[in-house]
Every structure is written in structure tokens, then in C-alpha cells.
Amino acid sequence: MNSATDYLAMAVLLGLRTAAGSRGLPRNRVGLIEEFEDRYGWQADPSAVQKALLKVQEWGFLTIVHDRYAGEALRFTKLSTDETMIKYMPDTLDELFTKARLGGIPWFKDVFGNKEFWIDIHNDPVPDDTSKNVDSQEVLIGTDVPASDRIVRIDDNRPAIDLLSADLRSMAEEIRESNEISEELGDEKDVISGEIAAAETLLSRSAFRLNSLYILIMPALRFLAEKFASNAVGEMAKRIISHLFGLA
């Protein structure tokens, strides 16, 4: 039997599936709550939201990343199609997924309108928290953020910039051509590819502010280094982070 938290987490997933094809996926908890309240007309309860997010993370569709500077970030994956979601979803959710897809928003509104649902969800145990603190991960090569007023001139840093640009191109190509990585990233693929392209544009200038590059590309690099730690993309992301701190 599925728990009340499973129901709420499923509502989050299907809401995100719709958002991915229209307004785009939320990148933090505030955006998620706004999306959810707009879709279902439900006033978010912080403790219920936390349980639902941890459950979605447990199912493998979400990575919650904590950063001491950027705060909490939500990275959703495998939401590109219903078939992809079913493929990665635990078998115990098949019936709930079918009911939710057939019933749509009115079905969830009936669920949320049942007082027993809210009693059950508050009695449900809190799922295990497997979120990542990037400050404690190996991927964080240094502890200092590049100074915001540091101007990097290409001519003065040509060897380092050439290495950084080459690795960015290789990583972009791997993300573009690998079906496995594309499937894992889902809707995040276009976002990350755009961030890499923007970073490459910045590197093509005669000079740039280092902190601008850091803010633009570091969240994606840390995410890729965590998610693909055992393959080439993860290794390239770690190496690029090392290049960035080498410019500081």
C-alpha cells in the first residue's frame, strides 16, 4: 500500500513533468512550492513538502544540493517522458502512477481535500535525507570563492584558458552525443548545455570577471561531478573546477 507521502510526491513529480514542457523546472524550493500551489490550489505545508521532496529524491528523480554560498538547489532528472519516468520508478508505484495520470488534477484535488490524507502524511516517517553538501565533497577543489573584482585577461592566462576551453568543449560534446547521459539528465540537458555555451562565450572575450564565470558554470559543474562521478563527464567537471580555482 502506498503511503500518503507517496501520493504527495507523485503529485510533485507529475506537476514537474508538466512544468518541464511549459515554464521550465524550478531550481529551488520556492519555485517548486509556487508551481505546486498554482497547479493544485494547495497551500504548501513545510513539513509535508520536505517529506515529498525527500521521497522524490529517494526514487531517484531529484538531487538536493546544499551550498554555503548559493543555498539549496534542486536538480530534477528523468522527467522527459512518461515512459522514462515509469522505467526508473519503483514497481510499487505503478498503480498509483496510473491512477494519478488518469485522474489528473481533479483526482489530486480530491486526495488533498480528504482530511485523513493530511493526518496520515503528518504521521508518515520522514524519508532518509541523502542530499549533498557540496562543501564536504571531493569535487570542491578549493575553499575560497574567486574574488568578485578579479579580472582575467586572456593574453596573460592563455595556457590555462586553453585547457579550460578544451575541457568545456569536450564535456559539451559528450553530453550532446551520449544517449545514456541525455537520458539521465532529461530536461536538465538543455539547461546545462546552455550554461556551458554561455561560459564558452565568456571565455572567448579578451577579458572577463572571474566571479561571473564562476557563478555561471559552477553549479552545473558540481552537479555533473556528483551525478556522473564514475564516468568521463564527472571527471571532466572536476578537472574544470580545478582549472577555475587555478585562475583565482
Side-chain angles (χ1 to χ4, degrees), residues 1-68 70-134 136 186-188 223 226-227:
M1 179 182 296
N2 297 117
S3 68
T5 300
D6 288 338
Y7 277 71
L8 186 57
M10 184 64 70
V12 169
L13 268 186
L14 294 181
L16 291 170
R17 172 75 184 89
T18 301
S22 54
R23 289 177 286 188
L25 291 168
R27 300 183 67 86
N28 55 45
R29 192 175 301 234
V30 173
L32 173 70
I33 290 174
E34 290 176 351
E35 178 69 34
F36 195 83
E37 290 183 346
D38 182 60
R39 180 176 176 81
Y40 298 110
W42 170 66
Q43 295 299 310
D45 176 278
S47 64
V49 169
Q50 176 68 0
K51 288 182 179 181
L53 283 178
L54 292 177
K55 181 62 72 172
V56 173
Q57 182 174 243
E58 178 184 299
W59 294 343
F61 293 96
L62 165 67
T63 299
I64 304 174
V65 180
H66 300 286
D67 182 87
R68 60 176 172 154
E72 182 185 72
L74 306 178
R75 291 281 186 171
F76 297 97
T77 59
K78 311 186 194 72
L79 297 176
S80 55
T81 64
D82 288 349
E83 290 75 18
T84 301
M85 291 174 67
I86 292 171
K87 177 180 177 181
Y88 290 99
M89 198 173 286
D91 293 341
T92 55
L93 298 174
D94 288 350
E95 183 179 352
L96 177 59
F97 181 79
T98 300
K99 289 179 180 178
R101 289 295 290 156
L102 291 175
I105 293 175
W107 186 80
F108 275 116
K109 286 185 175 181
D110 287 342
V111 170
F112 299 149
N114 190 319
K115 293 181 180 179
E116 292 297 320
F117 171 80
W118 296 108
I119 293 173
D120 288 344
I121 201 167
H122 284 291
N123 287 333
D124 279 350
V126 178
D128 291 337
D129 187 354
T130 59
S131 59
K132 304 295 185 183
N133 183 340
V134 295
S136 66
D187 301 290
E188 286 287 331
F223 172 70
E226 283 289 336
K227 187 167 186 63

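For clarity, every value in this text was computed on a predicted model and none was experimentally measured.
- For Ala48 against Ile121, the heavy-atom pair with the smallest separation is CB-CD1, 4.2 Å.
- Listed by first and then second residue, the salt bridge (Lys or Arg N to Asp or Glu O under 4.0 Å) pairs that reach into residues 90-99 are Glu95-Lys99, sequence neighbours excluded.
- The CH2 atom of Trp118 sits 13.5 Å away from the CG atom of Asn123 when rounded to the nearest 0.5 Å.
- In plain terms, the two heavy atoms of Pro90 and Trp59 that are nearest each other are CG-CD1, 3.8 Å.
- A search for side chain to side chain contact (heavy atoms under 4.5 Å, CB included) contacts involving Ile86 returns Phe97, not counting sequence neighbours.
- Val49 is linked by a side chain to side chain contact (heavy atoms under 4.5 Å, CB included) to Arg29, Ile33, Trp42, Ala44, Leu53, counting only residues two or more places apart in sequence or in another chain.
- By the side chain to side chain contact (heavy atoms under 4.5 Å, CB included) test, Ser47 is found to be paired with Asp45, His122, residues two or more places apart in sequence or in another chain being considered.
- Each salt bridge (Lys or Arg N to Asp or Glu O under 4.0 Å) pair with one or both residues in residues 111-125, not counting sequence neighbours, would appear here, but there are none.
- Here the closest heavy-atom approach between residue Val12 and residue Ala52 is recorded as CG2-CB, 4.2 Å.
- The minimum heavy-atom distance between Pro127 and Lys51, with the atom names listed, is CG-O, 3.7 Å.
- Residues satisfying the ring-ring contact (aromatic ring centres under 6.0 Å, His included) test with Tyr88, not counting sequence neighbours, are none.
- Of all non-hydrogen atoms in Gln57 and Leu62, the two that sit nearest each other are CG-O, 3.3 Å.
- Scanning both residues, Tyr40 and Ala11, for their nearest heavy atoms gives OH-O, 2.8 Å.
- The line from CG of Asp6 to CG of Leu96 is 6.5 Å long, rounded to the nearest 0.5 Å.
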